[in-house]
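Take a look at the structure below.
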Amino acid sequence: FDLFEKQILYLKNNFEIISLDDLNSCIINGHKIKKDFIILTFDDGYKNNLDVVYPFLKSQNIPFSVFVSTNHISTGDLFPTAVIRIAFFNGTIKKIYIPVLNKS
């Protein structure tokens, strides 16, 4: 968490963090998009987006967006990174097959 917090505070201190809605408004209304604008997005909708990301960014009043992979909800497939974490933390696995990537 400390590294995440440091990274976010660096971004906050060196860039203007805007929301996707703000970017959309700039585009629609023809406003200038500044070089220091950034948008924070988090992919896949992991639980830590709710437990870690949301509380910290809310406390800093920083906008962000989360993109949830609904396909994984429907199929129940694990993300490749989840398979790797499971293998890493339960180190008895000799070989890992990642179905989504069709790789061993």
Exercise. Side chains of P63 and I17: closer than 4.5 Å at any heavy-atom pair?
Worked result: yes

Exercise. F56 versus L9: any side-chain heavy-atom pair under 4.5 Å?
Worked result: yes

Exercise. To the nearest 0.5 Å, how far apart are NZ in K12 and CG in L40?
Worked result: 11.5 Å

Problem set entry | Distance in Å, L11 CG paired with K6 NZ, rounded so as to fall on 0.5 Å steps | 14.5 Å

Indicate if [X] and [Y] have the same hydrophobic cluster label, given that clusters are the connected sets of ILVMFWY residues with side-chain heavy-atom separations under 4.5 angstrom.
X   : Y   : result
L23 : F67 : yes
Y10 : I62 : yes
I39 : I33 : yes

Seminar exercise, completed: Residue pairs passing the salt bridge (charged side-chain N to carboxylate O under 4.0 Å, His left out) test with at least one member in residues 51-75, sequence neighbours excluded, are K47-D51

Residues two or more places apart in sequence or in another chain: which of them pass side-chain contact (heavy atoms from CB on, under 4.5 Å) with [X]?
X   : value
V66 : F42, N49, F64, V68
T75 : N71, D77
L50 : none

Exercise. Could you give all pairs that pass the side chain to side chain donor-acceptor pair (under 3.5 Å) test and reach residues 16-28, with sequence neighbours left out?
Worked result: S19-D22, S25-N29

Exercise. Got a sec, which residues hit side-chain hydrogen bond (donor to acceptor under 3.5 Å, both in side chains) with K34, two or more places apart in sequence or on another chain?
Worked result: none

Problem set entry | N61 atom CG: more than 12 heavy-atom contacts under 6.0 Å | no

For this session: Please say whether more than 12 non-hydrogen atoms of neighbouring residues, nucleotides or ligands are located less than 6.0 Å from OH in Y54.
Result: no

Problem set entry | Stepwise side-chain contact (heavy atoms from CB on, under 4.5 Å) check, I18 with I38 | CA-CA 6 Å; I18 65 169; I38 62 168; over 6 Å; no

